[in-house]
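In what follows, chains are A, B, ... by sequence order, proteins preceding strands, each numbered from 1.
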There are 4 protein chains.
Amino acid sequence: MKRVGKKTSRAERKALRPHEILEAAFEEFAAKGYAATRVEDIATRLRITKGTVYLYFPTKDVLFQEMFRHASTSSADPSTAIGCLRGSCADRIRDLLLITYENTANDRRTRELLRLSVAEGTRLPKMVDCRHELFIAPTLAALTTLVEEGVKSGELRQDTAADTPDVLASSIFQVAVWHLMLADRRPIDGRALMEAHIDLVMNGLLRRSERMA
Amino acid sequence: MKRVGKKTSRAERKALRPHEILEAAFEEFAAKGYAATRVEDIATRLRITKGTVYLYFPTKDVLFQEMFRHASTSSADPSTAIGCLRGSCADRIRDLLLITYENTANDRRTRELLRLSVAEGTRLPKMVDCRHELFIAPTLAALTTLVEEGVKSGELRQDTAADTPDVLASSIFQVAVWHLMLADRRPIDGRALMEAHIDLVMNGLLRRSERMA
Amino acid sequence: MKRVGKKTSRAERKALRPHEILEAAFEEFAAKGYAATRVEDIATRLRITKGTVYLYFPTKDVLFQEMFRHASTSSADPSTAIGCLRGSCADRIRDLLLITYENTANDRRTRELLRLSVAEGTRLPKMVDCRHELFIAPTLAALTTLVEEGVKSGELRQDTAADTPDVLASSIFQVAVWHLMLADRRPIDGRALMEAHIDLVMNGLLRRSERMA
Amino acid sequence: MKRVGKKTSRAERKALRPHEILEAAFEEFAAKGYAATRVEDIATRLRITKGTVYLYFPTKDVLFQEMFRHASTSSADPSTAIGCLRGSCADRIRDLLLITYENTANDRRTRELLRLSVAEGTRLPKMVDCRHELFIAPTLAALTTLVEEGVKSGELRQDTAADTPDVLASSIFQVAVWHLMLADRRPIDGRALMEAHIDLVMNGLLRRSERMA
DNA sequence: TATGAATGAGAATTCATTCAT
DNA sequence: TATGAATGAATTCTCATTCAT
């Protein structure tokens, strides 16, 4: 006898569980850190019991790592954005930075993964390295390509330093860290800061006539 | 019976103890985070026992907060640096950024305080706010003053955005976070990156002729 | 739709299940003891799930006791052997001991029941008493009868002690315990030991001329 | 200020603790088996808390093994007895069997170690092997020596089987197992059974004239 | 009948904190 | 002051048992 109005069947529920648990784990671990989070907190968030969590993940440690992987995977893949860029080098650099900003500093999930990377990174360096390989390195590589192109075409300065791509991305880190530390207590307009950053980095702070050697 | 030649007397030892404990606490909390650090680990680092720690600090929580305050206090006071600046606005901005970099992103202690601020900030917002008031805000205020001065004197662009001071400081955050996440596994030359950042932000990436509107 | 060639029908399966479960339970409990055995281990051995086990046995404890009873029942009934004995008293004693040896010390199932009796006997004295009544006491009684007969007929010594039947059976215990403790790591030839035991107990170790008073 | 009448100082207590805990552990493990014993039960027996147990033993498993070793060590060393034997071979065999009986089947501690060897031996074969090496093998070796001597001197039968020493010891196992299984519910006079066993094994059950070939 | 997801009562182990010495 | 044995609350993880499908 099928009960009417029942949202999810048993099988559906089971298929959903791992995902639900990983989501709840993300919230708890992000809020309290690994050691201070109790498996029971994660379960309670889903109105289930801790036993159920252990049905899907063998240990708290595995749960944490799978959560991290899961949350990382569901973040936007930088390669998607890179392929869509159009216009001059400056335009493409600008667009890539803004898109990356939206996907990272301005995305709560990515920000919290940064928090966990900083907080638990000493314990789990592999985890952080993996994240670096998948998200940070590709974005910096794309910026490098764009800058090289711009230099070649004469659109950008010839004397560009090797660190230029990092500099281009620096305010993304800043906004993310600011958020993580000060949350809503001292809010910043991340978008405006990004715009200002791009403007400065492109045009410089000095008046033309004052340009340094 | 007083032993001659003893390095530190009982009284001296007593006076030193709180300081020693706070230092040891800093190392342990920075390495493992609040929850994962055991009071006994801190004691063992000093070759004393946990009972002695409790002679000076009533709880682990108080010890953590006093450690944070202590480590913050012993960091370089930004106001010292600000007073010493000389030269053109650009020079003073440049020098302030480099000094701040040396005192923060390039200083292990300050970097680890940033890690703790990110990791435990949700639990102890007051702590982070305090740190913001004492170090971040004053530095940004000094940058704001310098920029305003430069704009007034015509050395800097007239259309400078309000966020300019933040942008100036952004790569400091970046270098610090990079260190915290990737440590020595993917080292960066922070100083070179800072130089590149200052150059870009001052002179811009675009060739003069390409300057955006 | 009934599949042709199916080995066991649903009804047959149902009739078999309790037996199968008891057999699987025997293996698991014998290998790991009561407390260390999980109901799921028993189920997995049969490629069924623990729910099914609970369809036939209400609790783990009941399952254990029924397993014990079942395994005991399926052991050879000593009265069968006793009825078949022929020959002189000495022959019949000898044959009874050898048959009992084969049915107990040399029978893995009986040996493991001894293990469980020793391991869990404190918790379940009834269980052990029952086993004693059904197997040990009848065998000893038969030996007593045979010895009495032999004494009466003059075949055996007149001064036989009351404990003689126990002594006759002692090496059966020894071989069983040795197996349980040392398994195949220090194997013994149980049959040879039994033969030696019977010989000694019948003829004595001393030379005739040395016989004790 | 020393309190009068205080039985044990702190240091004394500490020195005693491991021994106390091992004794309590022996009682509990012997009574309930490894898996069914809770560390807290052991602690409660000493009117301490489980935390204290963990101050001296890192895990329940280690505690069990150290308990086993400790209880084994404190059992009588068979070599002591063997050295004291005097008289004819038969006398010495008789005395060795009786002494061994007193030290094993008639000694509660040794009996319970046998129970644990049977119950947990599958899990910890090393433990049992060790016990075999230290107690069982030496005793059987001593019996072998005595028998060989007796055969050489003509005191014992020339056709003695290799298994004779085992047969000599068999009723020791029997009494021990009987105790473990039936405790006080069906008591036996172990001493009398031993005497009967020795008598039979020395003199045989058959009348002289009936001696088998 | 059979399943296996879910539960929740434990049990092992850890560790902040206390306090007698 | 310093110690470290002892405590006991908290936490991870397990598993007998239930029950909806």
State, with a plain yes or no, whether a side-chain heavy atom of C/Phe68 is found less than 4.5 Å away from one of C/Ser117. yes
Taking the basic N atoms (NZ, or NE/NH1/NH2) and the acidic carboxylate oxygens, is any pair closer than 4.0 Å for D/Arg109 and D/Glu23? yes
Starting at CG of D/Asp61 and ending at P of E/dA11, how long is that distance when rounded to a whole Å? 18 Å
Closest of F/dT17, E/dA5, E/dA12 to the A/Lys14 side chain is E/dA5
Spacing between B/Tyr54 atom OH and F/dT7 atom C1', to the nearest angstrom: 13 Å
So which pairs with a foot in residues 29-41 of chain D pass side-chain hydrogen bond (donor to acceptor under 3.5 Å, both in side chains), sequence neighbours left out? D/Glu28-D/Lys32, D/Lys32-D/Asp41, D/Tyr34-D/Asp61, D/Arg38-D/Asp41
Which part of the nucleic acid does A/Tyr56 contact within heavy-atom distance under 4.0 Å: base, sugar-phosphate only, or nothing? sugar-phosphate
Quickly work out the D/Ile21 CD1 to F/dA5 P distance and round it to whole Å. 11 Å
B/Lys50 NZ to F/dA5 P, in whole Å, measures 8 Å
Between D/Thr52 and C/Tyr34, which has a closest nucleotide on DNA chain F that is more 5'? D/Thr52
For A/Thr73 and A/Arg69, indicate whether the former's side chain and the latter's backbone hold a donor-acceptor pair under 3.5 Å. yes
Can you see which heavy atom on C/Arg115 is nearest to which on D/Val118, and at what distance? NH1-O, 2.7 Å
C/Leu113 side chain near C/Phe26 side chain, heavy-atom distance below 4.5 Å: yes
Mind listing the closest non-hydrogen atom pair of A/Ala25 and A/Ile42 along with its distance? N-CG2, 3.8 Å
Ignoring backbone atoms, test whether A/Arg47 places a side-chain nitrogen or oxygen under 4.0 Å from the OP1 or OP2 oxygen of E/dA6. no
Send over the distance from D/Lys60 NZ to F/dT14 C1', rounded to a whole Å. 12 Å
Measure the shortest side-chain to side-chain distance between D/Lys60 and D/Phe29 over non-hydrogen atoms and say whether it is less than 4.5 angstrom. yes
Whether A/Glu20 and A/Arg47 form a salt bridge (side-chain N of Lys/Arg under 4.0 Å from carboxylate O of Asp/Glu) is what I want to check. no
Between E/dA5 (P) and A/Phe57 (CZ): distance, integer Å: 13 Å
Please report the distance, rounded to the nearest Å, between CG in C/Leu63 and P in F/dC15. 16 Å
Mapping B/Ala35 and A/Ile48 to their closest nucleotides on DNA chain E, which lands nearer the 5' end? A/Ile48
Which residues in residues 38-46 of chain C have a heavy atom closer than 4.0 Å to any atom of DNA chain F? C/Arg38, C/Val39
Give a yes/no answer on whether the side chain of A/Thr49 brings an N or O atom under 4.0 Å of OP1 or OP2 in E/dA6. no
Return the nearest nucleotide to the side chain of D/Leu55; candidates are F/dA5, E/dT7, E/dT13. F/dA5
Using the closest heavy atom to pick a nucleotide of DNA chain E for each, name whichever of B/Pro58 or A/Gly51 lands nearer the 5' end. A/Gly51
Dot-bracket, DNA chain F: Watson-Crick or G-U, under 3.5 angstrom, [ ] crossing, | other strand? .||||||||||||||||||||
With a 4.5 Å heavy-atom cut-off, do C/Glu112 and C/Glu27 have their side chains touching? no
CZ of D/Arg17 versus P of F/dT7: gap in Å, rounded? 7 Å
Taking only the side-chain nitrogens and oxygens of A/Arg13, find out if one of them lies under 4.0 Å from OP1 or OP2 of F/dA20. no
